[in-house]
Amino acid sequence: MAQNPARTGWLKPAVFSTALLPLAWLIWRIAANDLGPDPVQELAISTGEWTLRFLLITLTLTPLRQLSGQVAFVRVRRMVGLFTLFYAAAHFVVWLSLLLGFRWYAIGEELLERPYISIGFLALLILIALGVTSPRAMVRRMGKNWKRLHRLIYLAAILAIVHLTWILRTDLSEAVLYGSILALLFGYRLWRRFGRFRKL
Ligand code: HEM
């Protein structure tokens, strides 16, 4: 269903401001000294959780567009995807500065010794590659390869769930919740690709 761009002009500013709310909330909590007994860990956890939430929201936009017929969902997809990268970068900076104390030389050691760090790092590298190639000019220049590359977002999402599962270890309820959302999204894509194709 085509929509009049003039009528949806408010959409991008609205999504942009909404996507900044978690950051504003976090800054507010820092200023109010309200991050609990371990503020550094709380910062690492919240930025990580928002990265994962934005990643999953990005993945739901295409199904929502297909199911509702509203193009508005895909109009904001690039922006939401870039916010995923933004929160992932914040998460990484918290780790590098507050947890690692900018000991750059220790990065390699951490990557080798802690599998959950290497898995998170790989997911971050994928998000960077997707962010760098997200401008329209890159879409045109890369042609079919753009789509192939951008399918890696699924791999980033799987890696993020593995990263979370590795950190949680015992109480896996959060990982099960996010993992189930991802499984649903995968199931939907597989159904679109193979289920409907078979019917034809
Ligand atoms: C797409 C990339 C990433 C996602 C989606 C992600 C997601 C998460 C989530 C959801 C948590 C919270 C776990 C909890 O509830 O306890 C977390 C924690 C954490 N992540 Fe990530 N992460 C990513 C990349 C990274 C990277 C690149 C690093 C470091 C190089 C990293 C280091 C950490 C650390 C140190 C914690 C805190 C662990 C603790 O509680 O002690 N993550 N991450």
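We count ligands from 1, going down the list as the structure has it; atoms in each ligand are counted the same way.
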query: Which is it for Leu127 and ligand 1 at heavy atoms under 4.0 Å: side chain, backbone, both or neither?
result: side chain
- prompt: Can you list the atoms of ligand 1 that are under 4.0 Å from a heavy atom of Glu49?
  reply: 9 (C), 10 (C), 15 (O)
- prompt: Listing residue and atom name, which protein N/O/S atoms are closer to atom 21 (Fe) of ligand 1 than 2.8 Å?
  reply: His91 NE2, His163 NE2
task: Look at atom CZ of Phe16 and say whether more than 12 heavy atoms of other residues, nucleotides or ligands are closer to it than 6.0 Å.
output: no
query: For Arg151, does the CZ atom have more than 12 heavy-atom neighbours from other residues, nucleotides or ligands under 6.0 Å away?
result: yes
Crowding at CG, Asn33 (>12 non-hydrogen neighbours, <6.0 Å): no
field: Side-chain heavy-atom pair Leu61, Val74 within 4.5 angstrom cut-off
entry: no
task: Given side-chain contact (heavy atoms from CB on, under 4.5 Å), test Leu55 with Ile153 step by step and report yes or no.
output: CA-CA 8 Å; Leu55 188 52; Ile153 191 169; 3.8 Å; yes
task: Verify side-chain contact (heavy atoms from CB on, under 4.5 Å) between Lys147 and Met142, making sure each step is shown before the conclusion.
output: CA-CA 9 Å; Lys147 240 189 170 170; Met142 291 178 68; over 6 Å; no
- prompt: Between Trp146 and His150, what is the ring plane arrangement, given parallel below 30°, perpendicular above 60°, and tilted in between?
  reply: parallel
- prompt: Stepwise, does the side-chain hydrogen bond (donor to acceptor under 3.5 Å, both in side chains) test hold for Thr62 with Arg77?
  reply: CA-CA 8 Å; Thr62 301; Arg77 195 175 46 189; 2.7 Å; yes
message: Residue-level breakdown please: for Leu168 versus ligand 1, do any non-hydrogen atoms fall below 4.0 Å on the side chain, on the backbone, on both, or on neither?
response: side chain
- prompt: Applying a strict 4.0 Å limit to heavy atoms, is Leu99 in contact with ligand 1?
  reply: yes
query: Is the backbone of Leu111 close enough, under 3.5 Å, to the side chain of Ser118 for a donor and an acceptor to pair up by distance?
result: yes
task: Number the atoms of ligand 1 from 1 as they appear, then name those within less than 4.0 Å of a heavy atom of Ile117, with their elements.
output: 29 (C), 30 (C), 32 (C)
- request: Mark up the atoms of ligand 1 that fall under 4.0 Å of a heavy atom belonging to Gln41, in ascending order.
  value: 39 (C), 40 (O), 41 (O)
query: Which atoms from ligand 1 have a heavy atom of Ala123 less than 4.0 Å away?
result: 1 (C), 2 (C)
- line: The ring-ring contact (aromatic ring centres under 6.0 Å, His included) partner of Phe54 among Phe86, Tyr178, Tyr87 is Tyr87
- prompt: If you measure from each non-hydrogen atom of Glu174 to ligand 1, which part falls under 4.0 Å: side chain, backbone, both or neither?
  reply: side chain
query: Looking at Phe121, which atoms of ligand 1 are within less than 4.0 Å of one of its heavy atoms?
result: 27 (C)
